[in-house]
Amino acid sequence: MGSLETERKVVGWAATDSTGHLAPYTYSLRDTGPEDVFIKVISCGICHTDIHQIKNDLGMSHYPMVPGHEVVGEVVEVGSDVTKFKVGEVVGVGVIVGSCKNCHPCKSELEQYCNKKIWSYNDVYTDGKPTQGGFAESMVVDQKFVVRIPDGMSPEQAAPLLCAGLTVYSPLKHFGLKQSGLRGGILGLGGVGHMGVKIAKAMGHHVTVISSSDKKRVEAMEHLGADEYLVSSDVESMQKAADQLDYIIDTVPVVHPLEPYLSLLKLDGKLILMGVINTPLQFVTPMVMLGRKSITGSFIGSMKETEEMLEFCKEKGLASMIEVIKMDYINAAFERLEKNDVRYRFVVDVAGSKLIP
């Protein structure tokens with residue numbers, strides 16, 4: 001099908017200032033271009049990054065802003081040059097919806113590291129119009145940045161995988177940490193952390209959850225299948241656990257010391273940072289020098305890795321632990337997320353919500 005002749009008006013829930021309060025907002029979507037897929041949104045997960053953006057924590061927010069970058073929907077229309085997707089298929093859209101396609105990362109199929117990447121919301125598209133995310137009726141997205149959701153995977157289960165699942169899968173693959181028998185640590189048991197435990201266990205790793213208190217021990221061990229649980233303030237337990245881990249996935253999105261966790265890594269161990277923190281972190285250099293340890297970071301994953309990760313999750317029977325909500329609960333959900341009061345990811349049932357109360 002070609003493009004519709006007129007721009008579509010859609011309703012989403014937008015923040016209009018740094019209070020971050022979301023309310024119904026009507027805006028236009030571009031016509032379906034030759035490479036575009038027009039998607040009716042079914043489900044959209046809530047990520048901690050959404051809070052940073054709607055509240056202008058990073059000082060780069062533009063309003064009105066419709067957040068949401070864990071989007072699953074149904075293909076309603078495809079552009080004339082779209083070959084990957086058909087009307088009626090269930091597809092996903094993640095954190096980015098565009099890139100330059102010419103730079104080294106793009107040509108290496110690592111478009112998430114393109115300096116001209118276009119975020120799925122709070123950005124400007126090539127036509128000069130603001131991008132808006134998945135807490136809305138529909139989206140128009142370049143086919144390059146759309147993935148097929150595997151058959152049998154429910155939309156609400158698939159949504160968090162597009163950010164939380166991918167964010168863990170990509171560095172484990174890139175740093176050669178997929179093989180069975182490794183010992184891994186997951187620091188922070190939120191949306192990304194809980195998928196970290198599940199994915200690492202499915203890869204055959206011995207997994208230690210590291211948390212600031214004992215309150216998540218039962219769920220980490222019994223519900224998620226972690227092998228060990230460390231309370232970071234328990235000095236004796238931390239000392240006993242020194243030099244044991246091949247890697248730690250650090251999902252904590254607030255300022256925290258690095259040295260206690262570096263001490264847990266064995267020779268050549270990696271501390272992989274994933275929390276968005278805009279305040280400098282500190283460590284003394286002997287902590288890395290005396291074990292040839294690495295502090296590194298990773299950002300979501302590529303489109304190719306997204307497809308791989310979804311297939312991996314399907315093959316291993318992995319699912320997110322979620323709480324499904326309607327759109328009219330979204331502001332309360334953001335408040336709860338700020339207090340870590342969710343196990344472990346909110347997902348908005350967009351298609352089943354009344355977007356204009």
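Numbering starts at 1 and runs along the sequence shown.
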| Where at least one partner belongs to residues 15-27, residue pairs that pass salt bridge (charged side-chain N to carboxylate O under 4.0 Å, His left out), sequence neighbours excluded | none

| query | Does some side-chain heavy atom of Glu111 sit less than 4.5 Å from a side-chain heavy atom of Met303? | reply | yes

| Pair listing, salt bridge (charged side-chain N to carboxylate O under 4.0 Å, His left out) test, anchored in residues 159-181, at least two apart | Lys173-Glu308

| Only one of Lys101, Lys84, Arg30 forms a salt bridge (Lys or Arg N to Asp or Glu O under 4.0 Å) with Asp142, so which one is it? | Lys101

| field | Partners passing side chain to side chain donor-acceptor pair (under 3.5 Å) against Gln143 (at least two apart in sequence or in another chain) | value | Glu35

| said: Do Asp50 and Tyr121 pair up side chain to side chain, a donor and an acceptor below 3.5 Å, judged on atom types alone? | reply: yes

| Aromatic ring proximity Phe312/Tyr169, centre distance under 6.0 Å | yes

| field | Same apolar cluster: Val93 and Val347, side chain cutoff 4.5 Å | value | no

| query | Do Leu189 and Tyr344 have side-chain heavy atoms sitting under 4.5 Å apart? | reply | yes

| said: Counting the benzene-type ring for Trp, do His205 and Tyr247 have ring centres under 6.0 Å apart? | reply: yes

| task | Please check if the side chain of Asp227 supplies one atom and the backbone of Val207 the other of a donor-acceptor pair under 3.5 Å. | result | yes

| query | Under a 4.5 Å cut-off applied to non-hydrogen side-chain atoms, are Val66 and Trp13 in contact? | reply | no

